[in-house]
Asks: 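One structure is given below, represented as structure tokens, and several questions about it will come after.
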Amino acid sequence: MTVGAQVRVDYRLVAAPGFRFIWAMHALVMPDVGTRLDLPAGHPVRAWPSGATAVQRTWPRVTENSWDRLGEDDGSAVFALLPGLDRCAVTAPDGSSLGWRIWAPGQPVSIGLFRNLGGFPDRLSGYRTLGIEPMIGHAHELATARPAETGCVPASGEVEWSVAVTSAATRPTRSPAVGTPAADRE
């Protein structure tokens, strides 16, 4: 993406009125140490550390470690859900960032995060990912969700929503030309 660019995707679900669902976009980024997750402090979080039972926390203290800035690999892989949040941003150490926002009138929205610091799959060393999941629903799976935690098709038989991804930079970055001697790049 070009800095300052925005991609917006519009969705429409046609189904029987009363049909309940959970939907999530899955954007996967490979974060560097020091990457920041820009979310409102104190927002309620539900986390499932290593597939365990959900724990209730507040942002950024999702687990024993703060999640607002990613550290070194620690062998963890945790899914966290921030119910009611409609946007988030991820900022790399160089200042470049990506932001996500979901619009879903009349539906419960959330931001899901899957933070993998070498813990998935099976503690694969060096495999770091951050899944950003703008979603409809306040639960991570339909089977365990209460009715108020799911999307629901209204009497019209249609639900529409949109997700936007925006890029930004706080300072310009420059890459050396391929084949340029190191001394010439200084």
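As the structure is a prediction and not an experimental result, all values here were calculated from the model. Below, all heavy atoms of this structure are taken into account, side chains as well, without hydrogens, waters or symmetry copies.
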Asks: Does the side chain of W103 reach to within under 4.5 Å of the side chain of R8, using non-hydrogen atoms?
Replies: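 Answer yes - side chains close enough.
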Asks: Show me the pairs that pass salt bridge (Lys or Arg N to Asp or Glu O under 4.0 Å) and involve residues 139-163, at least two apart or across chains.
Replies: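 Listed by first then second residue: R12-E158, R46-E149, R146-E149.
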Asks: So, taking the atom named CG in L70 and the one named CG in N65, what distance separates them when rounded to the nearest 0.5 Å?
Replies: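 The distance works out to 10.5 Å.
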Asks: Can you get from M25 to I136 by hopping between Ile, Leu, Val, Met, Phe, Trp and Tyr side chains that sit under 4.5 Å apart?
Replies: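 Yes, because M25 and I136 connect within a single hydrophobic cluster, where side-chain heavy atoms sit under 4.5 Å apart.
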Asks: If we only count heavy atoms from C-beta on, is the V163 to W23 side-chain gap below 4.5 Å?
Replies: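 Sidechains of W23 and V163: in contact.
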Asks: Side chain of H26, backbone of I132: donor and acceptor closer than 3.5 Å?
Replies: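 Checking the backbone N and O of I132 against the side chain of H26, no donor-acceptor pair under 3.5 Å is found.
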Asks: Going by the angle between their ring planes, with limits at 30° and 60°, are W67 and W59 parallel, tilted or perpendicular?
Replies: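 It falls in the perpendicular class, over 60°.
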Asks: Could you tell me if the side chain of E133 sits less than 4.5 Å from the side chain of F79, heavy atoms only?
Replies: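 A side-chain contact exists here, since the closest heavy-atom pair is under 4.5 Å.
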Asks: Measure across V78 and A47 and return the closest heavy-atom pair with its distance rounded to 0.1 Å.
Replies: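 Here V78 and A47 meet closest at CG1-CB, 4.2 Å.
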Asks: Return each pair, listed once, that meets salt bridge (Lys or Arg N to Asp or Glu O under 4.0 Å) where at least one residue sits in residues 102-119; pairs must be two or more places apart or across chains.
Replies: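 Output for this query lists D74-R115.
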Asks: Any chain of hydrophobic side-chain contacts (each under 4.5 Å) joining V153 to V109?
Replies: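 Yes, V153 connects to V109 through the hydrophobic network.
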Asks: Which atom names give the shortest non-hydrogen contact between A139 and I22, and what distance separates them?
Replies: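 So the minimum-distance heavy-atom pair works out to O-CD1, 3.5 Å.
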Asks: Locate the shortest heavy-atom distance separating G119 from N116; write the atom from each residue and the value.
Replies: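 In this case the closest contact between G119 and N116 is N-OD1, 2.9 Å.
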Asks: Could you check if a side-chain atom of P154 sits within less than 4.5 angstrom of a side-chain atom of V159, using non-hydrogen atoms only?
Replies: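 Side-chain contact under 4.5 Å: yes.
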Asks: Using a 4.5 Å cut-off on heavy atoms from C-beta on, say whether the side chain of L37 contacts that of L130.
Replies: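 Result yes, sub-4.5 Å side-chain heavy-atom pair found.
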Asks: Extract all donor-acceptor atom pairs below 3.5 Å that involve side chains of residues 80-90 and protein atoms in other chains or at least two apart in sequence.
Replies:
none

Asks: Of the non-hydrogen atoms in I111 and P134, which two are nearest, and what is the gap between them?
Replies: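 Minimum heavy-atom separation between I111 and P134: CD1-CA, 3.9 Å.
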Asks: Kindly compute the distance separating CG (L13) from CZ (F21), expressed to the nearest 0.5 Å.
Replies: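 L13 CG to F21 CZ: 5.5 Å, rounded to 0.5 Å.
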Asks: With a cut-off of 6.0 Å (strictly less than), are more than 12 heavy atoms of other residues, nucleotides or ligands near CD of E72?
Replies: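 Atom CD in E72 is not crowded, with 12 or fewer foreign heavy atoms closer than 6.0 Å.
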Asks: Verify, without hydrogens or angle tests, whether S110 (side chain) and G137 (backbone) share a donor-acceptor contact under 3.5 angstrom.
Replies: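 Yes; judged by distance alone, with no hydrogens or angles, the pair exists.
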Asks: Considering non-hydrogen atoms only, spot the tightest contact between L98 and V165 and give its length.
Replies: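 Smallest heavy-atom distance, with atoms named: CD2-CG1, 4.4 Å.
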Asks: Is the shortest side-chain heavy-atom distance between L113 and L39 below 4.5 Å?
Replies: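 Counting from C-beta outward, L113 and L39 do come under 4.5 Å.
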Asks: For S66 versus R61, what's the shortest heavy-atom pair and its separation?
Replies: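 Taking S66 first and R61 second, the nearest heavy atoms are N-NH1, 3.0 Å.
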Asks: Answer yes or no: is there a donor N or O on one side and an acceptor on the other, between the side chain of R20 and the main chain of P147, under 3.5 Å?
Replies: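 Yes, because the side chain of R20 sits within donor-acceptor range (under 3.5 Å) of the backbone of P147.
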Asks: Please identify each residue that fulfils salt bridge (Lys or Arg N to Asp or Glu O under 4.0 Å) with R69, with sequence neighbours left out.
Replies: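 None.
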Asks: Show me, pair by pair, the donor-acceptor contacts under 3.5 angstrom made by side chains of residues 28-36, not counting sequence neighbours?
Replies:
unit_1: T35; atom_1: OG1; unit_2: D32; atom_2: N; d: 3.2
unit_1: T35; atom_1: OG1; unit_2: D32; atom_2: O; d: 2.8
unit_1: R36; atom_1: NE; unit_2: D38; atom_2: OD1; d: 3.3

Asks: For residues I102 and M135, determine if any side-chain heavy atom of one lies less than 4.5 Å from a side-chain heavy atom of the other.
Replies: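 A side-chain contact is absent here, since even the closest heavy-atom pair is not under 4.5 Å.
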Asks: Give every residue pair that meets the salt bridge (Lys or Arg N to Asp or Glu O under 4.0 Å) criterion with at least one member in residues 102-114, sequence neighbours excluded.
Replies: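 Non-adjacent pairs meeting salt bridge (Lys or Arg N to Asp or Glu O under 4.0 Å): zero.
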